[in-house]
There are 2 protein chains.
Amino acid sequence: MGPIDRREREKEKLKKEILDAARHLFARDGYDSVTIRAIAERIEYSPRTIYLHFKDKEDLFRELCQHDFNEFGQRFAKLASVKDPVQRLKALGLTYAEFGEDFPNHYRLMFMSEAPDYEGKGEEEWKGNPEMDAYAFLLATAAEAIATGRLLPAYKDPELLAQTVWAGIHGVLALHFSKCNDPWVKWRPLKKRVKTMVDLQVDGLLAAPVKATKRPSPNIGKKGA
Amino acid sequence: MGPIDRREREKEKLKKEILDAARHLFARDGYDSVTIRAIAERIEYSPRTIYLHFKDKEDLFRELCQHDFNEFGQRFAKLASVKDPVQRLKALGLTYAEFGEDFPNHYRLMFMSEAPDYEGKGEEEWKGNPEMDAYAFLLATAAEAIATGRLLPAYKDPELLAQTVWAGIHGVLALHFSKCNDPWVKWRPLKKRVKTMVDLQVDGLLAAPVKATKRPSPNIGKKGA
DNA sequence: TCCGTAAGTCAACAAGGTTCATTTTGTATA
DNA sequence: TATACAAAATGAACCTTGTTGACTTACGGA
């Protein structure tokens, strides 16, 4: 049965066209500024047609992310070759930030907008999500880093460590995206801020500058305010 | 001239009513979900009236922030009594995060949405802004901390240090607000993540656990990936 | 009492997401 | 070949929301 197959293919092709148009516009103008009508105009179809392929604007947006974030996943995957987990942690941070710099609108989309509620959805719904893969990779690296015994004993929960490191770099980017116009801040170059964050975190984890391999003293004592 | 004054007072009172209604709604529902019409309905005036007091929705929103962020400024001001600048840095982080926890929607408003362009506006436009005061305070604390000589020599730029520390805590909050539903992350409690971030950063700055007062070794050498 | 100004309102516009009812199109079948 | 039918596509409209133009009302001063 040829015709049916062809139709199916054509349907897929149109969907791809929509995604391409949407990608272009979202990346250039940001989520809010892009209208369904504009996307439709770009592909020379009526706005209504888009709704035959996507439930609503957010659904389109989300599918686009899912599709595109392979780039993100691929960049991360390359870092598997870094043997030392602590160095890999650093590399992860730098790569993550680089992605944010290269694709600011995608970054915003993925990390700075309310996530959909996965409540109730099965694992299949989010399996294969590059964001998840990246987090898993970060988590594994954190665990390995801890396993080297070179970190301060306070940092022994891989999950907590991964979340904290992630938050640090994310903070640099997020602040950059939303606050870079504050006139009372003499912003340092983004790259410099990223590097400082990465260094600071690793310094904090190792808690002994550069080449110390053993933690200097086990008792950290109370840290209360 | 009594009547004129009274009119002025009444005008101010109505403006305050608008702000109160807006605060309530913004805090409860978030910026996007609040409509001008809803605010108007709450104060039992027509929507048009709001435009007699504020240029547009964003202007209203911004004035509200400006007005409310005294709370923010006051919390910070209290920390001036912490003598040790490093401890004060810690306290600043914890207080900042506490504010975000207590007023998530205000936090979002102030730190997670595109700032207006201050381009071209004179200093008067943003003078007295509590956000600026808070940043100035953080900056001063960073400078003092550096001046103690207890930090690693790599961290000698107060501006860069302030920006990095801010970014770290902000990252924890921002990630929390937009990503706490990701099912593949076993999120640790927010308070714990905040504390970890603060500790990690201070550990990194001091680069010698706990009570070390002198930097252990001046040469940090290259940190490149 | 009458005028002018400030305060306030109604109705409407425009933009944008979304849907209803309808038309067009291409395929399979009598 | 002519017809029935489902898929594809669309134009017009609906609804919400920010915003504004034009009008009405209230009131202090002459």
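Note that the structure is predicted; figures quoted are calculated from it, not measured. Just so it is clear: chains get the letters A, B, ... in the order the sequence lines come, proteins before strands, and each one is counted from 1.
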Quiz item: Rounded to whole angstroms, how far apart are CD1 on A:I36 and P on C:dG16?
Solution: 11 Å
Practice problem: Would you kindly give the CG-to-C1' distance between A:D29 and C:dG16, to the nearest whole Å? | Solution: 15 Å
Quiz prompt | Euclidean distance, atom CZ of residue A:F54 to atom P of C:dT19 [Å, nearest integer] | solution = 15 Å
Quiz item: C:dG16 P sits how many Å from A:E58 CD, rounded?
Solution: 18 Å
Exercise. Enter the inter-axis angle for the ends of the helix from C:dT1-D:dA30 to C:dA30-D:dT1 (five pairs per end, rounded to 10°).
Key: 40°
Self-check item: Side chain of A:T35 (C-beta onward), nearest among D:dT17, D:dT19, C:dG16
Solution: C:dG16
Quiz item: Considering residues, nucleotides and ligands other than A:H24, do more than 12 of their heavy atoms fall under 6.0 Å from its NE2?
Solution: yes
Quiz item: Which whole-number value in Å describes the distance from A:Y51 OH to C:dA21 C1'?
Solution: 18 Å
Taking N or O atoms only and anything under 3.5 Å, show me the protein contacts with nucleotides 7-12 of chain C, one pair per line.
from, atom 1, to, atom 2, distance (Å)
C:dT9, OP2, B:S46, N, 3.1
C:dT9, OP2, B:S46, OG, 3.4
C:dT9, OP2, B:T49, OG1, 2.7

Quiz prompt | Residues that B:E101 engages under salt bridge (charged side-chain N to carboxylate O under 4.0 Å, His left out), provided they are two or more places apart | solution = B:K191
Quiz item: If you count the non-hydrogen atoms of other residues, nucleotides and ligands that lie under 6.0 Å from CD in B:E41, is the total more than 12?
Solution: no
Quiz prompt | Atom pair distance, as rounded to whole Å: CG in A:D32 and P in D:dT17 | solution = 15 Å
Quiz item: Is the B:F69 ring parallel, tilted or perpendicular to the B:H106 ring (thresholds 30°, 60°)?
Solution: tilted
Practice problem: Flag the pair A:Y96 / A:Y107 as yes when their ring centroid distance falls below 6.0 Å, and as no otherwise. | Solution: yes
Quiz prompt | Heavy atoms from other residues, nucleotides or ligands near CD of B:E44 exceed 12 (cutoff 6.0 Å) | solution = no
Quiz item: Cation-pi between B:K57 and B:Y51: NZ/CZ under 6.0 Å from ring centre and within 45° of the ring axis?
Solution: no
Quiz item: Rounded to the nearest Å, what distance is computed from the CZ atom of residue A:R9 to the P atom of nucleotide D:dA7?
Solution: 18 Å
Practice problem: Would you kindly say whether B:Y135 and B:W166 are connected by a side-chain donor-acceptor distance under 3.5 Å? | Solution: no
Exercise. Round to a whole Å and report the spacing from CG of A:L60 to P of C:dT18.
Key: 10 Å
Exercise. For the pair A:F99 and A:F72, name the ring-plane relationship: parallel under 30°, tilted 30 to 60°, perpendicular over 60°.
Key: perpendicular
